[in-house]
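Each chain gets a letter, A, B and so on, in the order the sequences are listed, and its residues count up from 1. Predicted model, so just to flag it, every value in this text is computed and none were measured.
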Number of protein chains: 2
Amino acid sequence: MSDFKRLDPLLHSQHRLAVMSLLIGVDSAEFVFIKEKTGATAGNLSVQLDKLSSAGYISVSKSFRGKKPVTTCSITKQGIKAFEMYVDALKQYIQ
Amino acid sequence: MSDFKRLDPLLHSQHRLAVMSLLIGVDSAEFVFIKEKTGATAGNLSVQLDKLSSAGYISVSKSFRGKKPVTTCSITKQGIKAFEMYVDALKQYIQ
DNA sequence: TAAAGTAGTTTATAAAATAAACCAAATATT
DNA sequence: AATATTTGGTTTATTTTATAAACTACTTTA
């Protein structure tokens, strides 16, 4: 068998990893903020947030501020666990 | 602009990263050994080695031991540099 | 000498990433 | 007041990547 633990493919993706990295440090963050910090395009980010959300790694809520739509994301317990396990596995590769 | 450095897509791949991780610790390694250690299938490994080799990250030499073909791989200077830069960038995401 | 094993490569398919096009509403411009 | 632009996204299409399956060439074993 392999010496290397598998890397959760949902997290082993630059943009999704950046999103998770961001969210793990804050209570919540908004779409536009995440977009700027990660450098993703809106379309790409939309897709990646969907994937993380479908996996239960983040929760996404849509509302309005005044008249503008606001998409707010937070990492879930499950997301934190998955992130930690990913980081743990990854260390095997880079140490 | 983005807070996150880009992750070299050639290295940000489970199997190729495992190969590089292995090779950085040894002088050279053979196809079959790498295959076992990384858990890749032969077909997949063949493809991934080609990519790393085309990028100049590893060098591949083919010879025979007795009558059996032996494919030997080593990491190149450029490969070491790329790996180090990748690890450095990655740390931003996981720390 | 036929079957199975070794050491891979090539090709086809599935999955993922990314970009481009689009939508709805709000705000700014002429 | 109409038109253009911006904001905040989503959807769809295209490209790229990963993976698996099939194949090649040769060797060893039964």
Side-chain angles (χ1 to χ4, degrees), chain A residues 2 4-22 28-55 57-73 82 86 89 93, chain B residues 1-2 4-22 28-55 57-74 82 86 89 93:
Chain A
S2 165
F4 295 93
K5 279 185 206 146
R6 90 182 263 280
L7 299 173
D8 182 346
L10 213 79
L11 295 182
H12 197 62
S13 136
Q14 177 168 178
H15 285 304
R16 287 194 299 272
L17 191 61
V19 169
M20 294 293 280
S21 177
L22 252 182
S28 71
E30 294 175 8
F31 189 96
V32 174
F33 177 80
I34 297 173
K35 178 163 131 26
E36 277 163 12
K37 288 290 180 181
T38 63
T41 61
N44 195 0
L45 183 55
S46 181
V47 170
Q48 306 312 331
L49 290 180
D50 270 1
K51 289 190 186 179
L52 290 172
S53 172
S54 296
Y57 288 2
I58 66 172
S59 69
V60 176
S61 77
K62 278 135 204 292
S63 60
F64 283 85
R65 171 156 39 250
K67 292 173 176 174
K68 287 184 184 169
V70 182
T71 298
T72 307
C73 308
Y86 170 78
Y93 291 75
Chain B
M1 248 277 107
S2 165
F4 295 92
K5 278 185 208 147
R6 91 182 262 280
L7 300 173
D8 182 344
L10 213 80
L11 294 183
H12 197 62
S13 135
Q14 177 168 179
H15 286 303
R16 287 193 299 271
L17 190 61
V19 169
M20 294 293 281
S21 176
L22 252 181
S28 71
E30 294 175 8
F31 189 96
V32 173
F33 177 81
I34 298 173
K35 177 163 129 27
E36 277 163 12
K37 289 289 181 183
T38 63
T41 61
N44 195 0
L45 182 56
S46 181
V47 170
Q48 306 313 331
L49 290 180
D50 269 1
K51 290 190 184 179
L52 290 171
S53 171
S54 296
Y57 289 3
I58 67 172
S59 68
V60 176
S61 76
K62 278 134 204 294
S63 61
F64 283 84
R65 172 157 35 250
K67 292 173 176 175
K68 287 185 184 169
V70 181
T71 298
T72 305
C73 308
S74 348
Y86 170 78
Y93 292 74

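- Listed by chain and number, the residues in a side-chain contact (heavy atoms from CB on, under 4.5 Å) with A/Ala29 are A/Leu23, A/Val26, A/Phe33, A/Ile34 (sequence neighbours excluded).
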Can you give the donor-acceptor pairs under 3.5 Å from side chains of residues 42-50 of chain A to other protein atoms, not counting sequence neighbours?
{"from": "A/Asn44", "atom 1": "OD1", "to": "A/Gln48", "atom 2": "NE2", "distance (Å)": "2.7"}
{"from": "A/Gln48", "atom 1": "OE1", "to": "A/Arg16", "atom 2": "NH1", "distance (Å)": "2.6"}

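- Put simply, A/Ser46 has no side-chain N or O that comes within less than 4.0 Å of OP1 or OP2 on D/dG9.
- Contact of the A/His15 side chain with the A/Val19 side chain is not registered, since no non-hydrogen atoms from C-beta on lie closer than 4.5 Å.
- In this structure, the side-chain contact (heavy atoms from CB on, under 4.5 Å) partners of B/Ser28, at least two apart in sequence or on a different chain, are B/Thr72, B/Ser74.
- Contact annotation: the side chain of B/Thr38 never approaches that of B/Gln14 to less than 4.5 Å [non-hydrogen atoms, C-beta and beyond].
- The nearest whole Å value for the distance from the CZ atom in A/Arg65 to the P atom in C/dT27 is 13 Å.
- To the nearest angstrom, C1' of D/dT12 lies 13 Å from CG of A/Asp50.
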Exercise for the section: Take nucleotides 13-30 of chain D nucleotide by nucleotide from the 5' end and write B, S or -, depending on whether a protein heavy atom sits under 4.0 Å from the base, only from the sugar-phosphate, or from neither. Expected result: ----SSB-B-----S---
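- The NZ atom of B/Lys35 sits 10 Å away from the C1' atom of C/dG8 (whole-angstrom rounding).
- In this structure, the side chain of B/Tyr86 does not engage the main chain of B/Leu10 through any donor-acceptor pair within 3.5 Å.
- With sequence neighbours left out, A/Phe31 forms a ring pair (Phe, Tyr, Trp, His ring centres under 6.0 Å) with no residue at all.
- Contacts of B/Lys35 classified as salt bridge (Lys or Arg N to Asp or Glu O under 4.0 Å), with partners at least two apart in sequence or in another chain: none.
- Atom CD1 in B/Ile34 sits about 13 Å away from atom C1' in C/dG8, given to the nearest Å.
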Extract from the structure each pairing of a protein N or O with an N or O of nucleotides 3-6 of chain D at less than 3.5 Å, listing the distance.
none

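- Here the P atom of nucleotide C/dG5 and the CZ atom of B/Phe31 are 19 Å apart, to the nearest Å.
- Taking atom CG of A/Leu11 as the reference point, atom P of C/dA17 lies 11 Å away to the nearest angstrom.
- Spacing between atom CD of B/Glu36 and atom P of C/dG8 amounts to 11 Å, rounded to whole angstrom units.
- Here C/dA25 presents its P atom at 9 Å from CZ of A/Phe64, a figure rounded to the nearest Å.
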Would you give me the side-chain donor-acceptor pairs under 3.5 Å for residues 59-70 of chain A, sequence neighbours excluded?
{"from": "A/Arg65", "atom 1": "NH1", "to": "A/Glu30", "atom 2": "OE2", "distance (Å)": "3.4"}
{"from": "A/Arg65", "atom 1": "NH2", "to": "A/Glu30", "atom 2": "OE1", "distance (Å)": "2.6"}
{"from": "A/Arg65", "atom 1": "NH2", "to": "A/Glu30", "atom 2": "OE2", "distance (Å)": "2.9"}

